[in-house]
There are 2 protein chains.
Amino acid sequence: MSSFRAQKMAKKKQEILRSAAAVLIEKGYQGTTMEEIAAKLLMTKGSMYYYFKNKDDLLFQCHLMIMEICLDGIEKVIESDRNPIEKLRCAIKEHILLATSEKSMFMALSKPHHNFSDEQLQEVLGLRKSYSHYFDRIIHEGIDKQEFGSVDVKMVRLIILGALNWIQEWYDQNGPQSAEEISEAYADYLLKMLVKN
Amino acid sequence: MSSFRAQKMAKKKQEILRSAAAVLIEKGYQGTTMEEIAAKLLMTKGSMYYYFKNKDDLLFQCHLMIMEICLDGIEKVIESDRNPIEKLRCAIKEHILLATSEKSMFMALSKPHHNFSDEQLQEVLGLRKSYSHYFDRIIHEGIDKQEFGSVDVKMVRLIILGALNWIQEWYDQNGPQSAEEISEAYADYLLKMLVKN
DNA sequence: TTATTTTTTGAACCTATGTTTAAAATTCAT
DNA sequence: ATGAATTTTAAACATAGGTTCAAAAAATAA
């Protein structure tokens, strides 16, 4: 019966997480204050504690939310019936779009070991590993189907994800190149490392 | 005559900067406390203020120190008489070695805009731009000499530096692959984006 | 040695911010 | 409408950590 209540609570939690994520992008983990997260929602910081145990918990769940969005994205790509080249291209573009779109602050928290408890860290690393594995699967598939040369899968994946993740360091919403253009170019160049010729 | 004094002071400053850098690697900007920096040198946090105006100043100068080391490295590569392919390979390897060696914590401070004042940020960005330009120069030279295809220099440089900088996120001193091996592999794969064939 | 300058200390101060809490406000079921 | 459950508030509290400062210690010069 109280599913209403539960839903409402869940919705509010989501709002808070979104607000937290927004602050997180700008200020970084330690720079983010409960006050600012609350202010964006016209709430007081005290009320955050009705929904979350403490700041760590809040920001951790925020991190999880972001990771889930990313995982959803790549899962769709994996399940599509494209060939490996196109899958990798899509995965790269999807990642960049997520990383640059204002809603998502994928990896807003680099260096999670600076902020999370061991237990939390384990969970985050697990999700990251899943994400990496999806990339590996695509690359393996490409090698099997002879679309890619026989590369060191892990190395190549690290290079690709590194290049992608670094975009957040310099990307500017109002910069000369759109996320779309960037993602096209990145996909093209990165694929050159892999594709046979 | 008091060059003795000045030298001694400079040396002490260096020590402090090194200590600060070490803490920075582990804890991140906001996680670094004056107390911990001092403790590593068996000093008290109060005495840090004899050498530096405040925490911001200290960590900013720490950042500058690191950047200078990097710039020295690539300048040597630029001035060498290798061909562009080898120059780029060297620059990549040099960067990775610096980024992984314990002494250097190159870019320990990602997202400098989280921490620095406008003025400081300008200086940091200026140094980064210099560093980037060196890479661009190498790439341009390669294109001119027909060793590289006619790529989008900026894009390719961003991809390369992104991949390199991200290494610090996962590199483990005790991991399976040495920095040397990693740098070889990275150079090989990244060059595939550029080299004509 | 004595005086002067430099360096270090450690306590005090201050502020920002995470957290608690009791009371007020709101929502909701009947 | 009324009472109970839920949600929000605002103030109080606690503490970490940056900064200051006057006095002590150490180094240096005479």
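The sequence lines fix the lettering, A, B, ..., with proteins before strands; numbering per chain opens at 1.
- Using modelled atom types, one finds no donor on one side chain facing an acceptor on the other under 3.5 Å when comparing B:Gln122 with B:Asp118.
- Between chain A and DNA chain D, the heavy-atom contact criterion of under 4.0 Å yields a 5' to 3' nucleotide range of D:dT6 to D:dA10.
- Counting non-hydrogen atoms under 4.0 angstrom, B:Lys12 reaches the backbone sugars and phosphates but no base.
- A salt bridge does not link A:Glu147 to A:Lys196: none of the charged side-chain nitrogens sits closer than 4.0 Å to a carboxylate oxygen.
- Following rounding to the nearest Å, A:Tyr49 (OH) and C:dA22 (P) show an atom-to-atom distance of 17 Å.
- Comparing B:Lys8 and B:Gly46 by the nucleotide of DNA chain D that holds the closest heavy atom to each, the one mapping nearer the 5' end is B:Gly46.
- One interatomic measurement links the two molecules: OH of B:Tyr50 to P of C:dT5, which rounds to 13 Å at whole-angstrom precision.
- Salt-bridge annotation for A:Lys145 and A:Glu141: present, with a side-chain N of the basic residue lying under 4.0 Å from a carboxylate O of the acidic one.
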message: Between A:Phe135 and A:Leu88, is the side chain to side chain contact (heavy atoms under 4.5 Å, CB included) condition met? List the steps.
response: CA-CA 8 Å; A:Phe135 267 85; A:Leu88 190 52; 3.9 Å; yes
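- Atom CZ of A:Arg137 has 12 or fewer neighbouring heavy atoms from other residues, nucleotides or ligands inside a 6.0 Å radius.
- Whole-Å rounding puts the A:Lys45 NZ to C:dT21 P distance at 16 Å.
- Contact annotation: B:Tyr51 side-chain N/O to C:dT8 OP1/OP2 distance is under 4.0 Å.
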field: Pair B:Leu71-B:Tyr134, side chain to side chain contact (heavy atoms under 4.5 Å, CB included): steps then yes or no
entry: CA-CA 9 Å; B:Leu71 281 167; B:Tyr134 282 128; 3.8 Å; yes
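- B:Lys11 places its NZ atom 13 Å from the P atom of C:dT7, with the value rounded to the nearest Å.
- Counting to the nearest Å, the P atom of C:dT20 and the CD atom of A:Glu35 are 16 Å from each other.
- In this structure, the CG atom of B:Asp56 is 15 Å from the C1' atom of C:dT15, given to the nearest Å.
- The side chain of B:Ser47 lies closest to C:dT8, out of C:dG18, C:dT8, C:dT19.
- As rounded to whole Å, 18 Å separates atom P of C:dA11 from atom CE of B:Met34.
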- prompt: Yes or no on side chain to side chain contact (heavy atoms under 4.5 Å, CB included) for B:Phe60 and B:Glu119, after CA distance, side-chain angles and deciding distance?
  reply: CA-CA 11 Å; B:Phe60 174 62; B:Glu119 204 180 351; over 6 Å; no
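- Two residues, A:Lys53 and B:Thr44, neighbour DNA chain C, and the one matched to the more 5' nucleotide by heavy-atom proximity is B:Thr44.
- Between the CG atom of B:Leu42 and the C1' atom of C:dT7 there is a distance of 16 Å, rounded to whole Å.
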